[in-house]
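No hydrogens, no waters, no symmetry mates; every other heavy atom, side chains included, goes into these values. Because the structure is a prediction, the values reported are computed rather than measured.
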Amino acid sequence: MPELPEVEVVRRGLERWVAHRTVAGTEVLHPRAVRRHLAGPDDFAHRLKGRHIGTPQRRGKYLWLPLEETNESVLAHLGMSGQLLVQPHSAPDEKHLRIRVRFADSLGTELRFVDQRTFGGLSLHDNTPEGLPDVISHIARDPLDPLFDDEAFHQALRRKRTTIKRALLDQSLISGVGNIYADEALWRARIHYERPTAHFTRPVTAELLGHVRDVMNAALAVGGTSFDSLYVNVNGESGYFDRSLDAYGREGLPCKRCGTPMRRRPWMNRSSYFCPKCQRPPRVSS
DNA sequence: CCTAGAACCTGCGAGC
DNA sequence: TGCTCGCAGGTTCTAG
């Protein structure tokens, strides 16, 4: 499932293979893949034609392709199963191919958006003065952004009446963290996922942020995570960071620190993995 | 305003 | 063999 490191790998692939090319034509094969483009599939395709792609950008799990002629960008979100593939024209269509973008050059490749579960999609938006697509102005900077404000994040935690994993997944507080890296960072920090944030101290917040950054950088270093072959990078190569996971998916397996069997708990229509010894639950449980 | 939880989707694997 | 059901989960919307 693409979180920040996987999306960054895709962004780098797009920078290598798609930037500075000119759109010849766009084919929308499933309207849901452009549902965020309110004017519809035909408008999306029409407005992309003839446009020049700039340098791909990313914030959290969102990435976008600035268009060089105007102050607009093609926004992309991979959802849970989305892939952006650069394929030869001759490659057979993927089963879940949703959008195809052809270019006005002789490189012989095209950009494809493939998405089984259709939670992701592409859309075209005006940019804010900061160069951000306007519809994601509510998304916070991510922890690998040099301008991420650690102190502001800490104060937000203190202000909220919520629990730490909810806060880590709140993209308006900190972006790019998903279920997998949240569990990994909390395990490294020895913090239970239901611990209230209101009484976090600066050192605790700082240590947790350090672990979030460490686990993301480690994933980036090996090109992202892949669990079920749904996620592949822009050239279709799977990552392999999953072999390094310490918490996620390890129910019943010994904690890599203390040997206690790891547990899985249903949480928010998904799962939380944790070590019951290293990550003690808060006294007052919701 | 704030927080909790459901809905959106499809494929896969377990269990009957 | 073939069916049902739980599970995967990022984001947005709604309910309280």
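Ion pair E184(A)/R188(A) not flagged as a salt bridge, since none of the NZ, NE, NH1 or NH2 atoms sits closer than 4.0 Å to an Asp/Glu carboxylate oxygen.
The side chain of R32(A) lies closest to dC8(B), out of dC8(B), dG11(B), dT3(B). Side chain of E3(A), nearest nucleotide from dC9(B), dG5(B), dG10(C): dG10(C).
The aromatic rings of F153(A) and F148(A) sit tilted, their planes meeting at an angle between 30° and 60°.
Rounded to whole angstrom, the span from the CG atom of D170(A) across to the C1' atom of dT12(C) amounts to 13 Å. As a whole-Å value, the separation of H77(A) NE2 from dC8(B) P is 19 Å. When rounded to the nearest whole Å, the span between CZ of F119(A) and P of dT12(C) equals 12 Å. Atoms CZ (R159(A)) and P (dT3(B)) sit 10 Å apart, rounded to a whole Å. In this structure, CZ of R98(A) is placed 17 Å from P of dC8(B), rounded to the nearest angstrom. Rounded to an integer number of Å, the gap from D115(A) CG to dC9(B) P is 12 Å. Between the P atom of dT11(C) and the CE atom of M268(A) lies a distance of 12 Å, rounded to the nearest Å. Taking atom CG of L173(A) as the reference point, atom C1' of dT11(C) lies 15 Å away to the nearest angstrom.
A sub-4.0 Å separation between OP1 or OP2 of dT12(C) and a side-chain N or O of H138(A) is present. The side chain of K95(A) places no N or O atom within less than 4.0 Å of a non-bridging phosphate oxygen (OP1 or OP2) of dT10(B).
A donor-acceptor pair shorter than 3.5 Å cannot be found between the side chains of E94(A) and Q83(A).
At distances below 3.5 Å, not a single donor-acceptor pair connects side-chain atoms of R190(A) with backbone N or O atoms of W187(A). The backbone N or O of P254(A) sits less than 3.5 Å from a side-chain atom of R250(A), completing a donor-acceptor pair. A donor-acceptor pair under 3.5 Å is formed between the side chain of E69(A) and the backbone N or O of H52(A).
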Can you tabulate the close N/O pairs, meaning under 3.5 Å, that link protein atoms to atoms of nucleotides 4-8 of chain C?
unit_1: dA8(C); atom_1: OP1; unit_2: S271(A); atom_2: OG; d: 3.0
unit_1: dA8(C); atom_1: OP2; unit_2: S271(A); atom_2: OG; d: 3.1
unit_1: dA8(C); atom_1: O3'; unit_2: Y248(A); atom_2: OH; d: 3.0
unit_1: dA8(C); atom_1: N3; unit_2: R117(A); atom_2: NH1; d: 2.8

